[in-house]
Amino acid sequence: MTEAAAMDLYCVMGNPVEHSRSPRIHARFAELCAQQIDYGRRLIPLGAFAEGIAAFRREAAERGDSARGCNITVPFKFEAAALAQHTSERALLAQAVNTLRFEADGSIHADNTDGIGLVNDIVRNAGVPLAGKELLLIGAGGAAAGVLGPLLDAGASRIVVANRTVDKAVAVVRRHAALALGHGAVLEAWALDEVPGSFDVVVNATASSLEGDAVPVSAKVLRPGALAVDMMYGPAAAGFMAWAEAHGAVPRDGLGMLVEQAAESFEIWRGVRPPSAQVLGELRASLAAGQ
């Protein structure tokens, strides 16, 4: 009997994590790209993220497999950034990480694919160019910080970051000020109830949808036909999407962002770009069918 070949292991780590669709997405990517990987979920106790990473790598080695990387979801994106020996520029700017790659020398490379995932979904899948557009980013936490840099790189002419605690919005804006200046973009911080003007694109990066709260800004921020994107998907995004549609905007949930950020992670790990649009279409169809 021959020994089973060593398997490259990946996972998504978070708390909670049982709802994550990442294993399904990455399994399909691997199938379509002829890559042999095993991708699972790992529930990590709060306060034990570093121990969770060490356990994942140790257990893989004990089985003769190789832990090659992981995705990080809430609430560990800031802790993940602190573990890495090498960090991409976009992750440094965000100060949050959603992708770790374990190198052959034992070191950890950290990246953040959330922002480019959002941009790719808006531009490629929704067909809305961001160059020259005015954009409102609701929220100033890790989710917002993770996407602001790529939104600026995509050519938005003006971005307003609005948050309940305006000091947090100011801090995120200051960190991205040099990037905005380099792109010739206007970057501002405002309180949620003081946002000036209306926008071509509105992105909800708060937890309001997840918690079932009301949309935290006035409908006046929506220009007719504006694209309104909630980073959540499924039932959690329903309230925001209904609000957007009721006020003449085009609603979009975060499923496309989820698939596109996963595609970026997959390419970082495997060096192969998966067909994200195909997988997104398949996933939407299966969810619509209740699967």
Side-chain angles (χ1 to χ4, degrees), residues 77-78 81 87-99 110-192 194-206 216-217 221-223 226-231 249-250 252 254 256-265 267-268 276:
K77 292 186 178 184
F78 297 109
T87 307
S88 72
E89 287 187 16
R90 59 191 179 189
L92 284 171
L93 195 57
Q95 294 184 1
V97 161
N98 80 328
T99 302
D111 208 333
N112 190 315
T113 67
D114 285 333
I116 191 62
L118 175 65
V119 168
N120 286 344
D121 183 54
I122 291 174
V123 175
R124 297 178 184 174
N125 300 327
V128 176
L130 289 170
K133 297 293 178 67
E134 295 192 54
L135 190 146
L136 173 63
L137 181 60
I138 309 170
V147 302
L148 182 52
L151 288 169
L152 287 166
D153 287 336
S157 62
R158 174 178 176 240
I159 299 180
V160 168
V161 180
N163 196 58
R164 183 169 286 107
T165 306
V166 74
D167 287 352
K168 290 185 177 180
V170 169
V172 172
V173 163
R174 283 178 177 166
R175 200 160 72 239
H176 289 78
L179 181 62
L181 183 64
H183 284 295
V186 175
L187 184 58
E188 307 169 12
W190 289 87
L192 288 172
E194 297 176 354
V195 176
S198 58
F199 301 85
D200 303 300
V201 179
V202 174
V203 177
N204 183 23
T206 72
V217 293
V221 303
L222 296 168
R223 289 179 180 165
L227 179 68
V229 183
D230 196 317
M231 286 193 185
V250 178
R252 188 168 184 84
M257 174 184 172
L258 175 70
V259 173
E260 293 293 348
Q261 65 80 23
E264 291 289 322
S265 294
E267 187 170 14
I268 288 168
S276 51

Test item: L130 and D200 side chains (from C-beta on) under 4.5 Å apart, heavy atoms: no

Do any N or O atoms from the side chain of Q95 and from the backbone of L92 form a donor-acceptor pair under 3.5 angstrom? no

Minimal non-hydrogen separation, F78 against A96, with atom names: CE2-CB, 4.0 Å

Is there a side-chain contact between I116 and E260 (heavy atoms, below 4.5 Å)? no

Checking E194 against V166 for the side-chain contact (heavy atoms from CB on, under 4.5 Å) test, could you report, in this order, the C-alpha distance in whole Å, the side-chain angles of both residues, the deciding distance, and whether it holds? CA-CA 10 Å; E194 297 176 354; V166 74; over 6 Å; no

What are the two closest heavy atoms between F199 and L135, and how far apart are they? CD2-C, 3.5 Å

Can L148 and R175 be said to form a side-chain contact (heavy atoms from CB on, under 4.5 Å), step by step? CA-CA 10 Å; L148 182 52; R175 200 160 72 239; over 6 Å; no

Do I138 and L136 have side chains that get closer than 4.5 Å, going by heavy atoms? yes

Less than 4.5 Å apart, any side-chain heavy atom of R164 and any of T206? no

Any side-chain donor near an acceptor of the partner, T165 and D167, under 3.5 Å: no

Side-chain donor-acceptor pair under 3.5 Å between D111 and S88, yes or no? yes

Rounded distance (nearest 0.5 Å) linking atom OG1 of T99 with atom CD of Q261: 6.5 Å

Looking only at heavy atoms, what is the nearest atom pair of L152 and A185, with distance? CD2-CB, 3.9 Å

Side chain to side chain donor-acceptor pair (under 3.5 Å), that's the test. Do N98 and T113 meet it? Break it down for me. CA-CA 7 Å; N98 80 328; T113 67; 3.0 Å; yes

Do V172 and L137 touch side chain to side chain, with heavy atoms closer than 4.5 Å? no

Go through the steps for L227 and K133 under the test side-chain contact (heavy atoms from CB on, under 4.5 Å), then give the verdict. CA-CA 11 Å; L227 179 68; K133 297 293 178 67; over 6 Å; no

Tell me, do M231 and V229 make a side-chain contact under 4.5 Å, heavy atoms counted? no

Check V217 against V221 and note the closest heavy-atom contact, atom names and distance. CG2-CG2, 4.0 Å

Closer than 3.5 angstrom, by distance alone: can the side chain of N163 be matched with the main-chain N or O of A140 as a donor-acceptor pair? yes

Measuring from atom OG of S276 to atom CG of N125, what distance do you get when rounded to the nearest 0.5 angstrom? 6.0 Å

For the pair S198 (side chain) and L222 (backbone), establish whether a donor and an acceptor sit closer than 3.5 Å, ignoring hydrogens and angles. no

When rounded to the nearest 0.5 Å, the distance separating CZ of R223 from CD of E134 is 4.0 Å

side-chain contact (heavy atoms from CB on, under 4.5 Å) evaluation trace for L179 with D153: CA-CA 8 Å; L179 181 62; D153 287 336; 3.5 Å; yes

Side chain of R90, backbone of N112: donor and acceptor closer than 3.5 Å? yes

Looking only at heavy atoms, which two atoms of A205 and A143 are closest? And how far apart? O-CB, 3.8 Å

Determine the minimum heavy-atom distance between T87 and A91, stating which atoms define it. CG2-CB, 3.6 Å

Compare all side-chain heavy atoms of V161 with those of H176 and state whether any distance is below 4.5 angstrom. no

Do L151 and V119 have side chains that approach each other closer than 4.5 Å (heavy atoms only, starting at C-beta)? yes

